[in-house]
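Take a look at the structure set out below.
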Amino acid sequence: ESGVVNVYGGRRGERRLEKSVMNLTTSADCIKFNHNGEILALTSRRSRDALRLLHVGSGTVFKNWPTSKTPLGYVWDVDFSPGGGYLAVGNDKGKCLLYRLDHYAEGW
C-alpha cells in the first residue's frame, strides 16, 4: 500500500534488487514494460494522475511527463504499442488516451 515498486535483475535462479521506485503515493495496480524492456510504466487507481515512467537502464523516473496538466484522471490500465511508439492509458471515465513516444519514432 506504500506505492513502492521494486525492480529486480540477475541471472536465472538469482535475484538482485536493482531499483526501488518510490514515486507513487498509493499502491501500484498496473505495471507494464515496453517492447524492449527499456521503459516500465507504473500506475495506481487510487490517486488522480498516478502514472510514472521509469527508464530501467538508468533507474530514473521521467520528470518531464506526465505533467500536472496531463489530463489522465484515475488510471485503470496502461500498455505500449508493439513497437513502443505509443502509450495507451485507460481511465475511470472510460476513455483511452493515446500518447506518442517520440524516442521510438519508428515503432507503432
Residues forming a ring pair (Phe, Tyr, Trp, His ring centres under 6.0 Å) with Y99, sequence neighbours excluded
W65
Take T60 and L54 through the side-chain contact (heavy atoms from CB on, under 4.5 Å) test and state the conclusion after the steps.
CA-CA 6 Å; T60 58; L54 171 74; 5.6 Å; no
Out of curiosity, D79 CG to L87 CG, how far, rounded to the nearest 0.5 Å?
8.5 Å
Say whether I31 and L53 are linked into one hydrophobic cluster, either directly or through other cluster members, by side-chain heavy-atom distances under 4.5 angstrom.
no
N-O pairing of R12 and E14 below 4.0 Å:
no
Would L40 and V7 count as a side-chain contact (heavy atoms from CB on, under 4.5 Å) here? Give the steps.
CA-CA 10 Å; L40 178 63; V7 179; 3.9 Å; yes
Is it true that V5 and F80 fall in one hydrophobic cluster, defined by side-chain heavy atoms closer than 4.5 Å?
no
At what distance, to the nearest 0.5 angstrom, does CG of L98 lie from OG of S81?
8.0 Å
With no hydrogens and no angle check, is any side-chain donor or acceptor of S44 less than 3.5 Å from a backbone partner on S27?
yes
Please determine whether side-chain contact (heavy atoms from CB on, under 4.5 Å) holds for the pair L42 and V21, giving the CA-CA distance in whole Å, both sets of side-chain angles, and the decisive distance to 0.1 Å.
CA-CA 9 Å; L42 315 160; V21 182; 3.6 Å; yes
Can you find a side-chain donor-acceptor pair between T67 and T70 that sits under 3.5 Å?
yes
Backbone of Y8 reached by a side-chain donor or acceptor of R15 within 3.5 Å:
no
Considering all heavy atoms, the nearest V78-A41 contact
CG1-CB, 4.0 Å
So, applying side chain to side chain contact (heavy atoms under 4.5 Å, CB included) with L51, which one of L24, N91, L97, L72 is it?
L72
Single-linkage hydrophobic cluster, 4.5 Å side-chain cutoff, V61 and V56 together
yes
With sequence neighbours left out, which residue pairs that include part of residues 40-62 fulfil the salt bridge (Lys or Arg N to Asp or Glu O under 4.0 Å) condition?
D29-R46
How far does CG of N34 sit from CG of L101, to the nearest 0.5 angstrom?
8.0 Å
Mind checking the CD-CZ spacing from E38 to F33? Nearest 0.5 Å is all I need.
11.5 Å
Using the salt bridge (Lys or Arg N to Asp or Glu O under 4.0 Å) rule, collect all pairs that involve residues 62-77, keeping only residues at least two apart or in two chains.
K32-D77
